[in-house]
Visitor: 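Here you go, one structure.
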Protein chains: 2
Amino acid sequence: MDVKDLRIDANPTLVREHALAKLRAAIASGLYPPGKRLVERELCEALGVSRTSVREALRQLQAEGLIEAGPRRNISVAHVSAQDARDIYDLRALIETDAVRRLVENDDCEVIKSLQGMAKTIRKIVRKGDIPALAEQAAALYETILEGSGSRIIAETGKQLLKRVSYLRLASMSAPQRLDDGMAEWDAIIDAIVARDAKAAMSAVRSHIVNSRDTILATFEAPTKAE
Amino acid sequence: MDVKDLRIDANPTLVREHALAKLRAAIASGLYPPGKRLVERELCEALGVSRTSVREALRQLQAEGLIEAGPRRNISVAHVSAQDARDIYDLRALIETDAVRRLVENDDCEVIKSLQGMAKTIRKIVRKGDIPALAEQAAALYETILEGSGSRIIAETGKQLLKRVSYLRLASMSAPQRLDDGMAEWDAIIDAIVARDAKAAMSAVRSHIVNSRDTILATFEAPTKAE
DNA sequence: TCATGTATGCTGTCATACAATATGCGAATG
DNA sequence: CATTCGCATATTGTATGACAGCATACATGA
């Protein structure tokens with residue numbers, strides 16, 4: 001064992017970061033749906049931390065666009081309009097196709113192998129039909145592709161967009177036929193990457209995102225909800 | 001005068017937002033150069049506000065990527081490596097060409113007129129050689145184009161990238177020949193927009209950004225500084 | 001019924017306090 | 001004289017309590 005291995009790099013998890021993660025998860029899971037008003041004291045109680053930490057987490061969420069301030073100083077979970085959703089997916093298409101192109105050009109076997117692994121994991125989850133787990137794994141796959149671009153900037157920017165639609169992604173995946181189609185699309189992406197075919201990978205990513213977008217937009221038109 | 005005119009919509013400027021703006025400006029102007037360590041108490045004193053407000057502003061800057069946390073809990077102004085700069089400009093090229101395409105397609109006379117006005121203002125500033133003012137106006141021009149896309153998402157994402165290079169833009173504009181070249185490029189962009197020629201506008205934007213990028217990257221190679 | 005006053009709730013801001021950790025300085029030691 | 005140890009100091013992370021300014025809801029009175 002090397003001295004390097006003694007290194008402690010995991011910071012003792014800042015309370016505010018913990019709070020941030022919990023709040024993000026609450027929004028992504030739909031526990032706090034768009035428009036839900038967030039009252040600081042309630043969050044303090046729910047999270048078991050002080051207002052100081054909650055407020056700092058809120059500022060960060062605000063900067064990320066996941067929550068927004070109303071006219072009366074109220075904070076609520078950000079609404080994502082159909083137009084916003086469309087714009088986010090279109091921008092993702094731009095950015096992620098670029099990311100995957102770079103990824104293929106970088107030709108990093110490490111990354112590509114891990115992508116193959118993730119595809120396998122996803123296939124398993126799809127068979128089980130565990131939607132929440134699938135949403136999480138899918139996000140991980142997208143993030144891996146973004147990071148595979150080798151560009152910190154692309155990765156950060158792309159991930160920020162992903163966070164803004166994490167709630168929607170759950171809805172998208174609940175559409176019946178979408179699961180199988182999605183799996184096929186993921187396979188196409190991975191296959192193209194493995195074949196080091198940048199053009200095919202770009203086009204596979206683009207159609208996957210466009211299909212996801214259209215699925216999401218369909219849910220906007222059908223207001224659902226038989227409550 | 002109408003009752004509407006009585007409306008007070010300017011929120012009494014939150015202290016934390018004021019602090020945020022000041023800090024951003026300090027970073028953009030080079031007063032706080034990359035790597036500069038930011039000590040909370042010093043900021044409190046300099047800004048004349050409490051630690052609470054400073055900290056909330058810092059969290060926001062952190063989310064925007066303008067500052068970063070070191071291994072020792074220290075906060076300092078984010079370094080922008082040459083690679084980062086290249087990536088930011090390349091991503092800007094992607095996003096802003098898309099923005100200008102949408103802008104032309106939207107065909108909003110209001111926006112186009114205001115762009116022409118800004119180009120005129122810029123020309124005046126260029127003649128005076130007032131670099132800081134120019135940097136500000138140029139940023140305003142880019143932001144107008146981004147907003148002209150009609151997409152909140154594109155506008156926000158693009159602006160975030162702009163903020164991350166505001167410090168570099170100052171350097172870029174100090175390059176001797178760059179001023180005139182830049183002016184010509186801006187003219188080309190505006191002309192294409194006025195002519196409602198989306199393709200030409202996109203290519204004008206792309207070459208402008210690529211040229212800016214290359215100017216910046218040149219300053220990275222020549223470490224400058226005759227201090 | 002309507003208008004006014006009052007209680008209540010929430011956010012924004014500040015001041016303090018304290019623990020944990022990092023830093024720097026000086027003293028003790030070989 | 002060089003090293004090491006230990007202590008004072010600096011800085012951040014977090015919690016608490018306080019209070020003003022608004023906004024809302026409620027009650028009261030004409």
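Letters A, B, ... mirror the listed sequences (proteins, then strands); counts begin at 1.
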Visitor: Rounding to an integer number of Å, can you tell me how far A/L20 CG sits from D/dG13 P?
Guide: 14 Å
Visitor: Rounding to an integer number of Å, can you tell me how far A/H18 NE2 sits from D/dG13 P?
Guide: 17 Å
Visitor: Within the pair A/S53 and D/dG13, is there a side-chain N or O less than 4.0 Å away from OP1 or OP2?
Guide: no
Visitor: In whole angstrom, give the distance that lies between atom CG of B/N74 and atom C1' of C/dT23.
Guide: 10 Å
Visitor: Take B/V54 and B/R41, find for each the nucleotide of DNA chain C with the closest heavy atom, and name the residue whose nucleotide sits nearer the 5' end.
Guide: B/V54
Visitor: Judged by each residue's nearest nucleotide on DNA chain C, which is more toward the 5′ side, A/R55 or A/T52?
Guide: A/R55
Visitor: Just the rounded figure in Å: distance from C1' of C/dC10 to CD1 of A/I75.
Guide: 11 Å
Visitor: Measure from the side chain of A/L14, starting at C-beta and using heavy atoms only, and say which of D/dT14, C/dC14, C/dT11 lies closest.
Guide: D/dT14
Visitor: To the nearest Å, give me how far apart CZ (A/R73) and C1' (D/dG21) are.
Guide: 10 Å
Visitor: Would one find more than 12 heavy atoms of other residues, nucleotides or ligands at under 6.0 Å from atom CD of A/E136?
Guide: no
Visitor: Given B/D214 and B/V210, is the side-chain contact (heavy atoms from CB on, under 4.5 Å) satisfied, shown in steps?
Guide: CA-CA 6 Å; B/D214 293 341; B/V210 167; 3.8 Å; yes
Visitor: Contact between A/R164 and A/K159 at the side-chain level, heavy atoms closer than 4.5 Å - yes or no?
Guide: no
Visitor: Decide yes or no, distance alone: a donor-acceptor N/O pair under 3.5 angstrom between the base of C/dG12 and the side-chain of A/R51.
Guide: yes
Visitor: Does A/R72 make a side-chain N or O approach to OP1 or OP2 of D/dT24 shorter than 4.0 Å?
Guide: yes
Visitor: Flag this pair as yes if the NZ/CZ of A/R92 is under 6.0 angstrom from the six-membered ring centre of A/Y142 and inside a 45 degree cone about the axis; otherwise no.
Guide: yes
Visitor: May I have the distance from B/E56 (atom CD) to C/dT11 (atom P), rounded to whole angstrom?
Guide: 12 Å
Visitor: Is the number of heavy atoms from other residues, nucleotides or ligands within 6.0 Å of CD (A/E45) greater than 12?
Guide: no
Visitor: Starting at CZ of B/R59 and ending at C1' of C/dG12, how long is that distance when rounded to a whole Å?
Guide: 18 Å
Visitor: If you look at every strand shown and take non-hydrogen atoms under 4.0 Å, does B/L38 touch a base, only sugar-phosphate, or nothing?
Guide: sugar-phosphate
Visitor: Given atom CD1 of A/I67 and atom P of C/dT11, what is their separation to the nearest angstrom?
Guide: 11 Å
